[in-house]
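To keep things clear, I will list the structure first and then write my remarks on it.
Because the structure is a prediction, the values reported are computed rather than measured. All values below come from the heavy atoms of this structure, side chains included, with hydrogens, waters and symmetry mates left out. This chain uses plain numbering: 1 for the first residue, then up along the sequence.
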Amino acid sequence: MSRFIAEFIGTLTLVLFGCGAAVLGADNVGQLGIAIAFGGAIIAMAYAIGPVSGCHINPAVSLAAFVAGRLSFKDMVFYWIAQFAGALAGAALLSVIAGSTASLGQNGWGPGYLGEYSLQSALAFEVVMTALFVIVILGATSEKASPGFAGLAIGVTLAVIHIVGIQVTGVSVNPARSFGPAVLAGGQALAQLWLFFLVPALGAVIGAAFYRFRLLS
């Protein structure tokens with residue numbers, strides 16, 4: 001139960017801080033500030049709940065841990081439930097603060113969405129960035145890694161991914177992060193949610209395969 005609670009709180013915090021910066025502070029902090037908010041949330045939670053659950057707070061990361069042989073199937077499903085529930089709760093809290101569900105930092109692509117990048121661009125970005133993100137996570141948390149620095153490495157990586165890609169998809173690399181805002185916002189965000197489930201999952205499997213088949217160990 002403690003791991004479930006940790007993953008719930010961690011994912012809630014990621015959505016509330018990261019999407020909150022996009023919804024409530026974008027005019028003041030800009031793209032860089034939003035990126036720092038997402039990365040900072042990961043760093044904070046890594047040290048807060050990492051000792052409890054490993055601080056996955058991302059279904060793609062849990063999938064990668066399963067593929068790499070670091071997590072059982074049962075625990076992966078257990079983590080997924082906590083993560084999706086936490087993301088939905090975080091988005092709900094943000095909607096209460098913002099007073100609307102119209103803009104909750106939802107992901108997307110195409111005409112009318114941020115840089116109006118194509119579906120092809122969204123697919124390429126999400127699969128590559130999720131794979132690279134997973135490689136960093138699995139490497140930074142391996143037995144050979146320098147102890148105590150995993151949270152910092154992972155958080156900085158997520159921030160850089162956001163600096164690169166906010167205009168492309170708003171950056172998912174995390175199905176739960178996409179799920180919470182999309183469910184409440186509805187419309188186009190909900191219609192496009194399939195990409196932010198399937199493509200990060202594919203990227204996670206690709207990244208984890210490097211460790212599963214000992215190409216990076």
Side-chain angles (χ1 to χ4, degrees), residues 10-46 57-61 87 90-91 94-95 97-98 100-137 152-185 187-204 207:
T11 315
L12 181 156
T13 302
L14 177 68
V15 171
L16 186 58
F17 284 11
C19 295
V23 173
L24 303 173
D27 291 341
N28 295 310
V29 302
Q31 184 165 320
L32 180 59
I34 296 168
I36 292 172
F38 274 103
I42 286 286
I43 293 172
M45 288 297 103
I57 60 177
N58 181 339
V61 172
L94 180 56
S95 73
I97 296 168
S100 171
T101 60
S103 177
L104 294 174
Q106 54 265 33
N107 297 118
W109 74 86
Y113 186 86
L114 296 178
E116 299 191 336
Y117 283 81
S118 67
L119 172 59
Q120 180 180 352
S121 296
L123 288 167
F125 175 82
E126 289 292 333
V127 72
V128 171
M129 292 302 175
T130 307
L132 292 175
F133 189 41
V134 161
I135 287 171
V136 170
I137 292 169
L152 184 60
I154 295 166
V156 169
T157 300
L158 186 61
V160 173
I161 289 172
H162 277 79
I163 292 171
V164 174
I166 283 179
Q167 293 298 316
V168 182
T169 63
V171 182
S172 174
V173 301
N174 182 339
R177 172 262 180 270
S178 300
F179 173 78
V183 167
L184 296 184
Q188 182 174 331
L190 196 57
Q192 294 182 338
L193 187 58
W194 64 269
L195 183 145
F196 303 108
F197 272 44
L198 296 180
V199 180
L202 175 60

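Closest heavy-atom contact between Leu193 and Ala182: CD1-CB, 4.0 Å. Nearest heavy atoms, Ala60 versus Thr130: CB-CG2, 4.2 Å. Of all the heavy atoms in Ser178 and Ser172, the pair that sits closest is OG-OG, 2.6 Å. Taking both residues in full, the closest heavy atoms of Ala189 and Ala185 are given as CB-CB, 4.5 Å, listed atom of the first, atom of the second, then distance. For the residue pair Ala122 and Leu195, the shortest heavy atom distance occurs at CB-CD1, 4.2 Å. Contact record, Thr101 with Ser95: CG2-CB, 3.8 Å, taken as the closest heavy-atom pair.
Trp109 has its side chain out of reach of Val168: every pair of non-hydrogen atoms, C-beta onward, lies at least 4.5 Å apart. Between Leu94 and Leu24 there is a side-chain heavy-atom pair separated by less than 4.5 Å. Taking the side chain as every heavy atom from C-beta outward, Val164 and Met129 approach each other to under 4.5 Å. In this structure, Val173 and Leu158 have side chains that are in contact, with non-hydrogen atoms separated by less than 4.5 Å.
Note that OG of Ser100 is 10.5 Å distant from CG of Leu184, once rounded to the nearest 0.5 Å. Distance check, rounded to the nearest 0.5 Å: CG of Leu12 to CZ of Phe17 gives 9.0 Å. Atoms CG and OG1, from Leu152 and Thr157 in turn, are 9.0 Å apart once rounded to the nearest 0.5 Å.
Taking the six-membered ring where the residue is Trp, His162 and Phe38 present parallel rings, their angle staying beneath 30° rather than reaching 60°.
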Notebook entry, point to check: Please walk me through it: do Leu123 and Val127 pass side-chain contact (heavy atoms from CB on, under 4.5 Å)?
Noted result: CA-CA 6 Å; Leu123 288 167; Val127 72; 6.0 Å; no
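Within a 6.0 Å radius of OH in Tyr117, other residues, nucleotides and ligands contribute 12 heavy atoms or fewer.
Side-chain atoms of Tyr113 come within 3.5 Å of backbone N or O of Thr169 as a donor-acceptor pair. Glu126 contributes no side-chain N or O that, together with a main-chain N or O of Phe196, makes up a donor-acceptor pair within less than 3.5 Å. Counting only distance, with no hydrogens or angles, the side chain of Asn174 and the backbone of Pro200 share no donor-acceptor pair below 3.5 Å. Gln106 contributes a side-chain N or O that, together with a main-chain N or O of Ala102, makes up a donor-acceptor pair within less than 3.5 Å. Remark: side-chain polar atoms of Arg177 are not paired, donor with acceptor, to backbone N or O of Cys19 under 3.5 angstrom.
Of the residues Leu32, Leu114, Ile161, the one that meets the side-chain contact (heavy atoms from CB on, under 4.5 Å) test with Ile166 is Leu114. When each of Ile57, Leu14, Thr11 is checked for a side-chain contact (heavy atoms from CB on, under 4.5 Å) with Met45, only Ile57 meets the rule.
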